[in-house]
Asker: 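My questions all concern the structure below.
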Amino acid sequence: MHKVRMMAAIAIALVVSGCASTQRLSDSDRVALKSAKINETVSKGNLFLLAPSGANIGLMFGAVGGLAASGSIDDSQQAFGSYLDKNAISIEKIVREEVESALRASGKLAISSGDAAGAAIVNVSVPQYGFGVTHLLSSSVVPVMQIKCDIVDASGKLLWSANERMLPSIASPMESTTWTTLHDDPKQIEQRWRLAAKHLATNIIKEL
């Protein structure tokens, strides 16, 4: 049953993935848009965890009592989320910093100060993030992440939008690791998410 649920999770992820969806800048907006400020608030969606059949991620990352015994997806997400909080790992902070870095490196848009009146705003969100095995019989895991960026003008009009997703796969551009490594060295979680965010943010900003 556990394996069937994981297979279903992969199927759902593949159905909703696809290529980056983009609303390109119009010619007039491109001429007018010279700078923007990045929204300090980054929204996040669901934590995604995919382990081999029989693996209890919740137990590994600190679930206790009934949570440890159940091994359910929801309980594993709760345990992993608590582990992130305990080690001060913020996916919102990681993604925002990497989007800003990619935007600065591109030279396509100047970054305004947070109090710049009337400036366009770059909104960043992380609809999905986590880790998953490269295939169901593997113990190797890679980052899972989706980043979405929108630019709106001072009136709230959408000027540009793009997103990119990274799924667990043997073809992932990220180097694989193990759940044990992530547990024993929580800095590895941040490091691998940062590399994934950098990769996705760079691709997103290429669409600008």
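Note that this is a predicted model, so its numbers are computed, not measured.
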Asker: Who passes side-chain contact (heavy atoms from CB on, under 4.5 Å) against Val152, sequence neighbours left out?
Answerer: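 By the side-chain contact (heavy atoms from CB on, under 4.5 Å) rule, Val152 matches Ile121, Asn123, Leu158.
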
Asker: Could you check if a side-chain atom of Lys157 sits within less than 4.5 angstrom of a side-chain atom of Asp29, using non-hydrogen atoms only?
Answerer: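 Yes; the side chains approach each other to less than 4.5 Å.
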
Asker: Sub-3.5 Å donor-acceptor pair from the side chain of Asn87 to the main-chain atoms of Tyr83, do we have one?
Answerer: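 The answer is yes, because a donor-acceptor pair under 3.5 Å joins these two groups.
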
Asker: Parallel, tilted or perpendicular, judged at 30° and 60°: which one describes the rings of Trp179 and Phe61?
Answerer: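 Rings of Trp179 and Phe61: perpendicular, as their planes differ by over 60°.
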
Asker: Is any side-chain heavy atom of Cys149 closer than 4.5 Å to one of Trp160?
Answerer: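 Yes - at least one pair of side-chain heavy atoms lies under 4.5 Å apart.
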
Asker: Quick check: are there more than 12 heavy atoms from other residues, nucleotides or ligands sitting under 6.0 Å from NZ of Lys108?
Answerer: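 More than 12 heavy atoms, drawn from other residues, nucleotides or ligands, come within 6.0 Å of this atom.
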
Asker: Partners of Gln188 by side chain to side chain donor-acceptor pair (under 3.5 Å), sequence neighbours excluded?
Answerer: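 Checked Gln188 against side chain to side chain donor-acceptor pair (under 3.5 Å); matches are Arg192.
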
Asker: Could you tell me the separation between the CD1 atom of Ile94 and the CD atom of Gln191, rounded to the nearest 0.5 Å?
Answerer: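 Result: 10.5 Å between the selected atoms.
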
Asker: Are the side chains of Ile151 and Leu208 in touch, meaning some heavy atoms are under 4.5 Å apart?
Answerer: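 Yes - at least one pair of side-chain heavy atoms lies under 4.5 Å apart.
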
Asker: Pairing donors with acceptors under 3.5 angstrom, does anything connect the side chains of Ser28 and Ser26?
Answerer: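 Yes, side-chain donor-acceptor contact under 3.5 Å.
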
Asker: Where is the tightest heavy-atom contact between Val95 and Val124, given as atom of each residue plus distance?
Answerer: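 Closest pair (atom of Val95, atom of Val124, distance): CG1-CG1, 3.7 Å.
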
Asker: Is any side-chain heavy atom of Leu47 less than 4.5 Å from a side-chain heavy atom of Tyr129?
Answerer: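 Yes, at least one pair of side-chain atoms sits under 4.5 Å.
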
Asker: Find the distance between OG (Ser161) and NZ (Lys148) and round it off to the nearest 0.5 Å.
Answerer: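 If we round to the nearest 0.5 Å, Ser161:OG and Lys148:NZ are 3.5 Å apart.
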
Asker: Checking Ser35 against Ser112: is there a side-chain donor and acceptor pair closer than 3.5 Å?
Answerer: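 Yes, a side-chain donor-acceptor pair sits under 3.5 Å.
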
Asker: Keeping to residues at least two apart or across chains, list the salt bridge (Lys or Arg N to Asp or Glu O under 4.0 Å) pairs with something in residues 128-137.
Answerer: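 Pairs touching residues 128-137 that pass the test: none.
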
Asker: Would you mind reporting whether Arg194 and Lys198 have side-chain heavy atoms less than 4.5 Å apart?
Answerer: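 No, too far: nothing below the 4.5 Å cut-off.
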
